[in-house]
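All values derive from a computational prediction rather than experimental measurement.
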Amino acid sequence: IGETSAILNYRPIAPMVVTTAPANGSYFAGDSIQQISGTVQDDVEVSSLTLQVDGVDYDQIPVASNWTYSLNMANLSESTHTISIVATDSDRQVASNGILVTVDRTTPTISNVVLSTNGPVTISANADESCYFKLEIQYAGGGSNIGFTQPLTSGYTFNVPGFSEGTALRYRVIALDRVGLSSATEFANFAMPVSEPEIAISSPLNNAVISGTTGTITFTGTAHSATLITAVELSLDNGQYNQAGGKDSWSYILSTAGLN
């Protein structure tokens with residue numbers, strides 16, 4: 001009878017544990033409850049799942065191939081934390097998987113709010129963290145908000161839309177951070193800038209030679225403005241101004257008496 005023998009080396013396999021949610025690098029409000037979930041598998045029985053916070057055992061998770069745990073962020077300090085899931089099997093093999101999460105309890109601080117009316121009207125602002133900025137504009141007497149929300153950034157410049165010249169408005173800037181905490185400036189009043197009126201002399205023509213025998217010279221022209229024109233005035237040789245008749249279309253009769 002022949003005999004043979006073999007040496008078998010059994011190498012236990014460590015569990016495979018994966019955290020599927022939340023995503024690594026997530027931010028959470030400090031009063032929220034977040035679902036931590038994932039999967040675990042092994043060639044033998046998984047005997048325990050332990051949730052650790054910053055390397056310290058925090059709680060036990062019921063063992064399941066698709067596991068989940070409700071983590072109360074109120075129990076964590078305002079900081080970035082490492083959340084780890086440690087899986088141990090019946091062969092006492094251990095594996096872990098971790099993610100980073102940040103707990104936020106601080107509202108953003110808005111700074112450097114600047115209204116510029118040189119050229120296109122703009123309103124810019126900054127914050128001490130990445131935020132979704134919103135500009136709210138109301139007519140000065142109140143009313144519906146006109147809002148413009150921009151992507152997550154630490155600062156933004158808004159172009160104010162085309163209100164009529166001279167329109168009285170008020171505005172405020174709101175900053176909403178990535179966990180939903182917000183702050184807002186007080187409403188500030190402003191008016192859309194008014195451009196200078198345009199005026200033209202139709203007659204007499206520039207450099208015209210006019211006979212002084214008629215006794216008068218009639219000046220005519222037009223004026224235009226985005227707002228109401230209240231008066232058109234003429235001055236001769238930088239002297240006293242005299243009001244013309246009419247506004248958008250105007251005329252003025254100048255006496256030539258005493259003119260050289």
Side-chain angles (χ1 to χ4, degrees), residues 13-89 92-113 123-136 145 147-158 172-185:
I13 300 174
M16 180 179 293
V17 60
V18 177
T19 304
T20 56
N24 185 44
S26 295
Y27 282 70
F28 297 115
D31 59 353
S32 63
I33 296 176
Q34 298 298 324
Q35 297 299 312
I36 314 296
S37 59
T39 62
V40 63
Q41 53 183 310
D42 195 20
D43 61 335
V44 294
E45 180 183 6
V46 176
S47 57
S48 69
L49 286 173
T50 304
L51 185 141
Q52 293 183 341
V53 177
D54 299 328
V56 178
D57 289 357
Y58 181 87
D59 203 356
Q60 294 297 309
I61 301 174
V63 175
S65 57
N66 292 283
W67 53 267
T68 186
Y69 182 84
S70 297
L71 179 58
N72 189 346
M73 295 297 169
N75 296 329
L76 305 185
S77 63
E78 185 176 15
S79 181
T80 298
H81 299 277
T82 300
I83 307 298
S84 301
I85 309 300
V86 180
T88 304
D89 67 13
R92 291 184 291 185
Q93 297 298 300
V94 178
S96 65
N97 179 254
I99 58 172
L100 295 177
V101 300
T102 299
V103 178
D104 183 7
R105 296 187 179 91
T106 303
T107 57
T109 299
I110 302 173
S111 62
N112 300 326
V113 179
I123 297 171
S124 60
N126 294 97
D128 60 348
E129 60 177 302
S130 292
C131 292
Y132 299 96
F133 285 90
K134 182 178 182 180
L135 173 65
E136 287 188 348
N145 291 329
F148 309 91
T149 303
Q150 300 301 328
L152 202 64
T153 178
S154 60
Y156 199 81
T157 298
F158 294 91
R172 69 172 179 171
V173 176
I174 299 173
L176 184 74
D177 72 13
R178 67 189 80 201
V179 303
L181 300 174
S182 65
S183 59
T185 63

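Of the possible polar contacts, one joining the S47 side chain to the T88 backbone as a donor-acceptor pair under 3.5 Å is found. Checked by atom type and distance alone, the side chain of Q34 never pairs as donor or acceptor with a backbone atom of P22 at under 3.5 Å. Side-chain atoms of T107 do not come within 3.5 Å of backbone N or O of L181 as any donor-acceptor pair. Of the possible donor and acceptor atoms, one in the side chain of T185 sits under 3.5 Å from a partner among the backbone N and O of V173. Remark: side-chain polar atoms of D54 are paired, donor with acceptor, to backbone N or O of T82 under 3.5 angstrom. Side-chain atoms of N24 come within 3.5 Å of backbone N or O of L100 as a donor-acceptor pair. Between the T19 side chain and the G38 main chain, no donor and acceptor come within less than 3.5 Å of each other.
Side-chain contact between K134 and L176 is absent, with no heavy atoms from C-beta onward closer than 4.5 Å. Contact annotation: the side chain of Q41 never approaches that of S65 to less than 4.5 Å [non-hydrogen atoms, C-beta and beyond].
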_I'd like to know whether D104 forms a side chain to side chain contact (heavy atoms under 4.5 Å, CB included) with E78, so could you lay out the CA-CA distance, the side-chain angles of the two residues, the decisive distance to 0.1 Å, and finally the verdict._
CA-CA 6 Å; D104 183 7; E78 185 176 15; 3.3 Å; yes
*side chain to side chain contact (heavy atoms under 4.5 Å, CB included) evaluation trace for L76 with L71*: CA-CA 9 Å; L76 305 185; L71 179 58; 4.2 Å; yes
*Just do the side chain to side chain contact (heavy atoms under 4.5 Å, CB included) check on W67 and I36 with the steps written out, would you?*
CA-CA 8 Å; W67 53 267; I36 314 296; 4.0 Å; yes
*Check step by step if side chain to side chain contact (heavy atoms under 4.5 Å, CB included) holds for I83 and Y58.*
CA-CA 10 Å; I83 307 298; Y58 181 87; over 6 Å; no
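Minimum interatomic distance between I110 and A125 (heavy atoms only, all atoms of both residues): CG2-CB, 4.2 Å. When all heavy atoms of A184 and I174 are compared, the pair lying nearest together is CB-CG1, 3.7 Å. For the residue pair R105 and M73, the shortest heavy atom distance occurs at NH2-O, 3.0 Å. Minimum heavy-atom separation, L49 to P62: CD1-O, 4.1 Å. Pairing each heavy atom of S48 with each of V63, the nearest pair is CA-CG2, 3.7 Å. The shortest non-hydrogen separation linking T50 to Q60 is OG1-NE2, 3.0 Å.
Here N126 contributes atom CG and T109 contributes atom OG1; the two are 12.0 Å apart, rounded to the nearest 0.5 Å. Here S37 contributes atom OG and N66 contributes atom CG; the two are 9.0 Å apart, rounded to the nearest 0.5 Å. Taking CG from D57 and OG from S84, the interatomic distance works out to 10.0 Å, rounded to the nearest 0.5 Å. Going from atom OG of S96 over to atom CG of L51 covers 11.5 Å, rounded to the nearest 0.5 Å. Atoms CG and OG, from D177 and S182 in turn, are 8.0 Å apart once rounded to the nearest 0.5 Å. Remark: S124 OG to F158 CZ distance equals 10.0 Å, nearest 0.5 Å.
Listed by chain and residue number, T80 satisfy the side chain to side chain donor-acceptor pair (under 3.5 Å) test with T102 (two or more places apart in sequence, or in another chain).
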